[in-house]
Amino acid sequence: MAHQRILIIGAGGQVGTELTEALRARYGGENVVATDINPNAALAATGPYEILNVLDKDRLEALIDQYRIDTIYHLAALLSATGEKNPALAWDLNCNGLLNVLNLMRDKKLSRLFWPSTIAVFGPHTPRQNTPQFCVMDPNTMYGLTKLAGERLCEYYFNKYGVDVRSLRYPGLIGWKAEPGGGTTDYAVHIFYDAIRTGNYTCFLKGDTALPMMHMEDAIKATIDLMHADGEKLSIRSSYNLSGMSFTPEELTIEIQKLIPGFSMDYAPDYRQAIADSWPASIDDSTARKDWGWQPTYDLEGLTRNMMENIRIKIEGIHTA
Ligand code: AKB
């Protein structure tokens, strides 16, 4: 498979930063064109970098032509918390941005598209534990309903036009290289910075709120593995359930206290609690395991150690191990 000329849309975000690094290491910096709505000196230093608003279809098309793109990773989106603050923009960016990409994939006969979905596509009537691939989906956030619409669009474009689109329902993603923005699961990244800086964190979710989570390294591996999987073996063209681990803020606190014994957590739940309450607590990803061999590497203990070690180095220059 070619996979030689890649365009990343939304490369400056939490996933995009790490995915760009991983794809440039694999394919060479010059073959991976990073784009984002904002300037990004770090990404511009390791390969081609262009400013792009995915709602500008003409500019998107011009970049595809200029760089002879065959593969797109389209990551630009407004997430759950930001989406509630600006629902109209969330609809426009998340749905019309994806439509622009799908239409150009079809019209230019490009080879492959990755587009992330999320656990936010599920809702209050979805089974909360071990949520199956197929079940009731009644998302009640603007983010969730745009992503569910996006999943249906992806499957439609695959069936009707043969667009080779691949997708994962990401859980909350936890990494140390780039900070998240605008999500409900973001507490599980911010907590590490505050634990190291002040020994205390005030969590915007209740202590017993279990959510599906994953280390960013696992998410990047899943993304690249799915993009390299044999298309014949893929039974899902909407979006695959994907699971790493599930934990509550209380459980994460206990793990952090093993490394910082004096660490304390306060709770001040806000509007994001209702969002978290509408989402699954754990995910059944057996279809991904069967179809393309998915297996996560990190558990909660490994994730906590890895985050602590790397964020400490990042902000203090100190090794814990
Ligand atoms: C969010 O919290 O909005 C995202 C997600 C689960 O898709 N991290």
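First listed ligand is number 1; within each ligand, the first listed atom is number 1. Everything numeric here is computed off the predicted structure, so don't read it as measured data.
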Problem - Carboxylate-amine/guanidinium proximity below 4.0 Å for Glu301 and Lys258 - result: no
Completion exercise
For Ile119, the ligand 1 atoms with a heavy-atom partner under 4.0 Å come out as 6 (C)
Exercise for the section: Would you kindly specify which portion of Asp186 sits under 4.0 Å from ligand 1, judged on non-hydrogen atoms: side chain, backbone, both or neither? Expected result: neither
Practice task
Taking only Lys NZ, Arg NE, NH1 and NH2, and the carboxylate oxygens of Asp or Glu, determine whether Arg237 and Asp164 approach each other closer than 4.0 Å.
Solution key: yes
Exercise for the section: Indicate yes or no: does Glu316 engage Arg197 in a salt bridge with an N to O separation below 4.0 Å. Expected result: no
Fill in the blank from the handout: The protein heavy atom nearest to atom 5 (C) of ligand 1 is Thr118 OG1, 3.5 Å
Problem - Aromatic plane relationship, Tyr143 with Trp279 - under 30° parallel, 30 to 60° tilted, over 60° perpendicular - result: tilted
Problem - Lys/Arg N to Asp/Glu carboxylate O, Arg272 vs Asp270, below 4.0 Å - result: yes
Exercise for the section: Report, in ascending order of atom number, the atoms of ligand 1 lying under 4.0 Å from any heavy atom of Leu79. Expected result: 3 (O)
Handout entry: SB check Asp285 Arg169 (cutoff 4.0 Å)
Key = no
Exercise for the section: Among all protein heavy atoms, pick out the one at the shortest distance from atom 8 (N) of ligand 1; state its residue, atom name and that distance to 0.1 Å. Expected result: Thr185 OG1, 2.9 Å
Fill in the blank from the handout: Filtering Leu78, Leu173, Leu211, Thr184 for the heavy atom nearest atom 2 (O) of ligand 1 leaves Thr184
Handout entry: Part of Ser80 with heavy atoms under 4.0 Å of ligand 1, whether side chain, backbone, both or neither
Key = both
Problem - Contact check: Trp279 vs ligand 1, nitrogen or oxygen atoms, below 3.5 angstrom - result: no
